[in-house]
Structure formats: C-alpha cells, structure tokens
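The structure presented is a predicted model; accordingly, all values stated were derived computationally and were not measured. Computed from heavy atoms alone, side chains included, the values below leave out hydrogens, waters and symmetry copies.
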Amino acid sequence: MPSYPAAYQATKGSALDVDRAFYQRIADQTDGRELVETLVVPIRSGRAWAVPAGHVFRIVTIDGPQVADLNIWNRHDPRERLWASRTRQLQQAHVSTHDRLWSTLPFLRPLVTITKDTLADYGIDEHGGRVHDLLGTRCDPYVNRMLTGEDFHHHCHSNLTRAVAPYGLTEFDVHDVLNVFQVTGLNAEDKYFMKACPAQKGDFLEFFAEIDLLCALSTCPGGDLSVPLWGPDARDPLEVCRPLGVEVYRVDPALLDGWQSPPVAAYRGNHGLTLPTPPWET
C-alpha cells in the first residue's frame, strides 16, 4: 500500500520538533542517576506510583514477556491525563524513542517523552504488527460480561481502578491506555488484532516525566497474549501471565540545565461563546 503524508507535520521549531539531543543525553548518561523507587506489579493486578517532573521511570519485564496497560495523570490535577487519540495523531499509533504522550484539553502538552525502548528494532512484522500501541484500549469487565455472560474482576480497567483508589480516583478517572510491550495492528478487514508479546526478560520502556505525574500500570490478564483469548481455541492464559517491574530514577541535575516543564496550551479563547455587545449598550 502506498504511503500518504501525515496530517500533522513536525516542522522545525514547532511543538512537535523534539530536542532529540537532550533526550538522548538523558537516556545515555546514566552514571549520575539515583534509583529512588522500585515496585513490582503482580500478575493480573495494578499498581500506581508518583513520578516528579524531571525524573525518569522504566517499565521492565522482570520475568519474561508480559503486556501491560499504562495510565498517566497530572499528579496535582487528574483532569489532565493521557489523551491516547490525539497522541496517535500527533505522534504515531505505535510509539517508541523520542515520541511523546500528550495530555487532554484544555491542557494539551507532553506528559512524558520516551527516552529508551529496547524493542525499538521490532519494526513492522509480516502482518503489519508493531509494538507499544495506542490503537486499542484496556480490557474491561463490561465487554467481558456482554460477550461471555460471565464476570471477571481482574481486567485492566478493574486493575487500574483498584490501583488509583488510594489516590482518591475512581473508574471515571481511568482512561484509554498505552499498551506497553503489546504487538497490534489492523488486518485486511480494518479490524484490530493482537499478537504474542516479543519482549524478553530485562526489556524495558523508559519515560522522562515532563510534569509531576501519577502513573498506574495493569499487568494484563491475557499475559503475553500467546494464548487465544477468543474463538474456538480460547482458554485461560494464566500460565503465561508474569509480573512487571517499575523503576523510578532521579537523573543527574546537570542534565536538566535549561529544561523546564512545558506550559499548558496557549489558547485562551472562549470558543466563540461571548456575544458581541449590542449597539444600545455601547
């Protein structure tokens, strides 16, 4: 299929023109890093954690392949959160090094920038699949009930809901996700497909926090997606479910010279809602 130009272009000096040299230094110059937090997300579960602006965090396959669903919020205002659909347009449907995850309106700014991706070389496979997608969303118990007539309480939506409850958030705050380590695409019928996770033990995806963040991660109950979840061969994939690790680092302060958190969107209009002053009031 011939290519066609993207709708949004990263012209030089625009908001989409990432300072790659800066983020490459963050990724490469790790000697001055300090590990400030580690946590493990057990199988079919969720965990949440805070990341200060200017820090780095990694999601790590500590035991082998496993896909996960990631949510991100502004730590101080959860109305600002990951906007998956706009990120698809501004970046790509599958993200990797130097791509950014953008926040919702009226904020519209990068929440994180990806600094390192050990699966960056996966590329495009024979079925058109790519890794780390924003195409699909989290699995949830509502669709499961609708399609199977059964209740299951450890879908990613539920895992994320439980993870953020201690922070005062609810399932209304859980939102469309970045599917980490997950290979997906659109087939010849333009339908979403998922393939087995290509990650191996020790692979990771690393993010630079552009603002103070609250993050939450669910280890998908489908595990590494090597077992069919639907169709005649579907079965419980419990044996291919594995935990994931999270690591938060304080970077060498010298690397942050000249950097500051991005401001919220510059638009301050009222969407045309202000009526003109009638002539008898002038």
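- Hydrophobic cluster of I43: the remaining members, joined at side-chain heavy-atom separations below 4.5 Å, are L238, listed by chain and number.
- Of the residues R25, Q24, E206, the one that meets the side chain to side chain donor-acceptor pair (under 3.5 Å) test with T115 is E206.
- Here the CZ atom belonging to R88 is positioned 7.0 Å from the CG atom belonging to L134, to the nearest 0.5 angstrom.
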(request) With side-chain hydrogen bond (donor to acceptor under 3.5 Å, both in side chains) as the test, would you mind laying out the steps for H76 and D212 before giving the verdict? (result) CA-CA 7 Å; H76 310 292; D212 291 341; 2.8 Å; yes
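- In this structure, a donor-acceptor pair under 3.5 Å is present between the side chains of Q92 and D99.
- Looking only at atom types and distance, the side chain of S261 has no donor-acceptor partner in the side chain of E210 under 3.5 Å away.
- Defined by atom type and a distance below 3.5 Å, a donor-acceptor pair is present between the side-chain atoms of T184 and H94.
- Checked against the 6.0 Å centroid threshold, F181 and Y122 do not count as a close aromatic pair.
- With 3.5 Å as the limit, one finds no donor-acceptor pair spanning the side chains of T104 and R81.
- Between L160 and V177, the closest side-chain pair of non-hydrogen atoms falls below 4.5 Å.
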(request) Could you walk me through whether Y249 and H55 pass ring pair (Phe, Tyr, Trp, His ring centres under 6.0 Å), step by step? (result) CA-CA 6 Å; Y249 295 89; H55 284 50; 9.8 Å; no
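- Under the 3.5 Å distance criterion, with hydrogens and angles disregarded, a donor-acceptor pair is assigned to the side chains of E171 and H157.
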(message) Go through it in stages, so that I can follow the logic: the residues are W73 and H175, the test is ring pair (Phe, Tyr, Trp, His ring centres under 6.0 Å), and I'd like the CA-CA distance, side-chain angles, deciding distance and then a yes or no.
(response) CA-CA 10 Å; W73 299 262; H175 51 275; 4.9 Å; yes
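- Taking both residues in full, the closest heavy atoms of I211 and P262 are given as CG2-CD, 4.3 Å, listed atom of the first, atom of the second, then distance.
- In this structure, Y167 has its ring center no closer than 6.0 Å to that of W49.
- Residue Q9 qualifies as enclosed at atom CD: its count of foreign heavy atoms under 6.0 Å is above 12.
- In this model, a donor atom of one side chain and an acceptor atom of the other lie less than 3.5 Å apart for S96 and D117.
- D69 and S218 share no side-chain donor-acceptor pair at under 3.5 Å.
- Taking 4.0 Å as the cut-off between side-chain N and carboxylate O, R79 and D77 count as a salt-bridged pair.
- P106 and A265 make their closest contact through O-CB, 3.7 Å (heavy atoms, listed as atom of the first residue, atom of the second, distance).
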(message) Does D236 form a salt bridge (charged side-chain N to carboxylate O under 4.0 Å, His left out) with R44? I'd like the steps, not just the answer.
(response) CA-CA 12 Å; D236 187 350; R44 295 181 167 179; 2.7 Å; yes
(message) Working note: R242 + D224, criterion salt bridge (charged side-chain N to carboxylate O under 4.0 Å, His left out); need CA distance, chi angles, decisive distance, verdict.
(response) CA-CA 8 Å; R242 301 175 181 89; D224 65 10; 3.1 Å; yes
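- Aromatic ring pairs are classed by plane angle as parallel below 30°, tilted from 30° to 60° and perpendicular above 60°; the pair H127 and F193 is perpendicular.
- Relative ring orientation between F57 and F207 is described as parallel, the plane-to-plane angle staying below 30° on a 0-90° scale split at 30° and 60°.
- Y142 OH to L147 CG: the interatomic distance, rounded to the nearest 0.5 Å, is 15.0 Å.
- T137 and D176 are linked by a side-chain donor-acceptor pair at a separation below 3.5 angstrom, with hydrogens and angles left out of the test.
- For the residue pair N159 and T219, the shortest heavy atom distance occurs at ND2-O, 3.7 Å.
- When only modelled atom types and interatomic distance are considered, T61 and Q66 share no side-chain donor-acceptor pair under 3.5 Å.
- Among all heavy-atom pairs drawn from V131 and P198, the shortest one is CG2-CG, 4.5 Å.
- Rounding to the nearest 0.5 angstrom, the gap separating the CG atom in N71 from the SG atom in C215 is 9.5 Å.
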